[in-house]
Amino acid sequence: MHISSPSVAFDGGPAVGAGAEPARYRGGDAYARSKALSERYVLAHSVVPTIVLRPHLIWGPGDTQLVGRIVDRARQGRLALPDHGRALVATTFVDDAADAVVAGLDRTADSDEALGKAWVVTGDDPRPLAELVEGILGAAGLDPHIRSVPAPVASMAGRMIGRFWPGDEPPLTYFSARQLSVAHWFDQSDTQRVLRWAPEVGVDQGMEALRHWFNGQ
């Protein structure tokens with residue numbers, strides 16, 4: 001089982017009802033580029049039954065990446081979304097992502113159709129980006145108001161910050177600005193059929209679990 005990311009196929013445009021496109025990314029984002037390189041290598045050199053999973057935007061209680069960064073930036077007054085966060089985005093609750101990994105491992109033993117391919121995994125419940133971010137902020141007990149910037153401005157700022165930021169992790173890059181500006185949701189019919197898996201936690205249920213986690217801290 002190789003864990004990849006849908007970002008390996010990102011070309012700057014939206015993914016609307018897409019499947020697992022080829023891992024073609026060769027741009028400047030180190031994360032997406034390394035994921036694409038590793039996925040291509042694994043599929044070209046696998047010597048055991050192998051499946052590639054691309055979970056999209058995993059989140060949930062205890063998450064220090066997506067949830068943690070959104071909350072931290074909101075607390076610092078540095079949170080803004082391109083075009084009011086209108087882009088429709090599919091995410092994956094952490095429990096569903098873990099179940100998909102187990103299902104994929106099971107399929108390495110009994111499904112020739114699954115082998116040697118990449119499968120995008122999401123919760124199959126796309127929402128506007130702003131709705132997702134507002135839900136996370138609300139679960140954390142923070143003001144859900146989010147500033148908006150025009151998408152071209154965000155992309156230009158990301159390009160400049162990414163080029164001149166002195167540290168390893170700039171707060172915004174051109175790649176991340178473009179990803180936040182366009183829709184990302186995927187056709188899950190083949191994934192669910194072949195992996196014999198389906199998500200069980202919708203966004204609303206996941207937000208309630210996140211709220212309980214924050215309240216328990």
Side-chain angles (χ1 to χ4, degrees), residues 4-40 54-59 63-92 118 120 122-123 125-140 142-187 203:
S4 186
S5 164
S7 63
V8 301
F10 184 58
D11 60 3
V16 178
E21 300 291 333
R24 56 179 173 258
Y25 183 80
R26 301 177 187 271
D29 184 80
Y31 174 83
R33 189 172 65 252
S34 64
K35 282 289 190 181
L37 285 168
S38 61
E39 179 179 314
R40 292 196 296 268
R54 299 178 184 171
H56 191 242
L57 292 180
I58 299 174
W59 65 283
D63 172 31
T64 61
Q65 297 299 308
L66 179 66
V67 171
R69 291 177 180 181
I70 288 172
V71 170
D72 287 346
R73 290 181 184 180
R75 287 171 173 164
Q76 296 166 13
R78 297 193 296 116
L79 184 63
L81 295 178
D83 289 346
H84 302 280
R86 294 190 182 100
L88 195 64
V89 177
T91 62
T92 314
V120 177
T122 77
D125 185 13
R127 303 289 182 94
L129 181 60
E131 180 181 333
L132 295 166
V133 174
E134 289 168 358
I136 290 170
L137 296 180
L142 300 176
D143 181 359
H145 177 72
I146 306 168
R147 290 181 292 123
S148 174
V149 295
V153 173
S155 295
M156 184 180 301
R159 193 184 296 277
M160 297 300 293
I161 293 171
R163 181 176 300 173
F164 297 109
W165 187 258
D168 294 332
E169 190 174 343
L172 183 68
T173 65
Y174 175 77
F175 180 86
S176 60
R178 286 300 304 152
Q179 280 208 315
L180 292 170
S181 301
V182 297
H184 285 90
W185 58 274
F186 303 86
D187 182 354
V203 170

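Note that CG of Leu79 and CG of Leu142 are 10.0 Å apart. Values are rounded to the nearest 0.5 Å. Atoms CG and CG, from Leu129 and Leu57 in turn, are 8.5 Å apart once rounded to the nearest 0.5 Å. Atom-to-atom distance recorded for Tyr174:OH and Met160:CE is 14.0 Å, nearest 0.5 angstrom.
By the side-chain contact (heavy atoms from CB on, under 4.5 Å) test, Pro144 pairs with Glu134, sequence neighbours left out. With sequence neighbours excluded, the residues that form a salt bridge (charged side-chain N to carboxylate O under 4.0 Å, His left out) with Arg127 are Asp125, Glu131, Asp204. Applying the side-chain contact (heavy atoms from CB on, under 4.5 Å) criterion to Leu37, with sequence neighbours excluded, gives Arg33, Arg40. For Phe186, the ring pair (Phe, Tyr, Trp, His ring centres under 6.0 Å) test picks out His56, with sequence neighbours left out. Evaluation of the side-chain hydrogen bond (donor to acceptor under 3.5 Å, both in side chains) rule for Thr91 yields Trp59 as partners, not counting sequence neighbours. Residues passing the side-chain contact (heavy atoms from CB on, under 4.5 Å) test with Ser181 are Pro82, Ala151, Arg178, sequence neighbours excluded. Judged as a side-chain contact (heavy atoms from CB on, under 4.5 Å), and not counting sequence neighbours, the contacts of Val16 are Pro14, Ala183, Trp185. Scanning for side-chain hydrogen bond (donor to acceptor under 3.5 Å, both in side chains) contacts around Ser176 gives Thr173, with sequence neighbours left out. Phe10 meets the ring pair (Phe, Tyr, Trp, His ring centres under 6.0 Å) test with Phe175, His184; sequence neighbours excluded.
Nearest heavy atoms, Pro22 versus Arg54: C-NH2, 4.1 Å. Shortest non-hydrogen contact noted between Pro55 and Thr92 is C-OG1, 4.4 Å. Contact detail for Val149 and Ala80: the closest heavy-atom pair is CG1-CB, 4.4 Å. What you find for Val71 and Ala140 is that their closest heavy atoms are CG2-CB, 4.0 Å. In terms of heavy atoms, Gly13 sits closest to Val182 at O-CG2, 3.7 Å. Nearest heavy-atom pair across Leu88 and Pro128 is CD1-N, 3.6 Å.
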ask   = Going through the checks in order, is the side chain to side chain contact (heavy atoms under 4.5 Å, CB included) test met by Ile70 and Leu132?
value = CA-CA 10 Å; Ile70 288 172; Leu132 295 166; over 6 Å; no

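Screening residues 66-78 for side-chain hydrogen bond (donor to acceptor under 3.5 Å, both in side chains), with sequence neighbours left out, gives Gln65-Arg69, Arg69-Glu169, Gln76-Arg78. Screening residues 4-14 for side-chain hydrogen bond (donor to acceptor under 3.5 Å, both in side chains) gives Ser4-Glu39, Ser5-Ser7 as the qualifying pairs, with residues at least two apart or on separate chains.
Asp29 contributes a side-chain N or O that, together with a main-chain N or O of Ala32, makes up a donor-acceptor pair within less than 3.5 Å. Listed for the Arg26 side chain is no donor-acceptor partner under 3.5 Å among the backbone atoms of Ala36.
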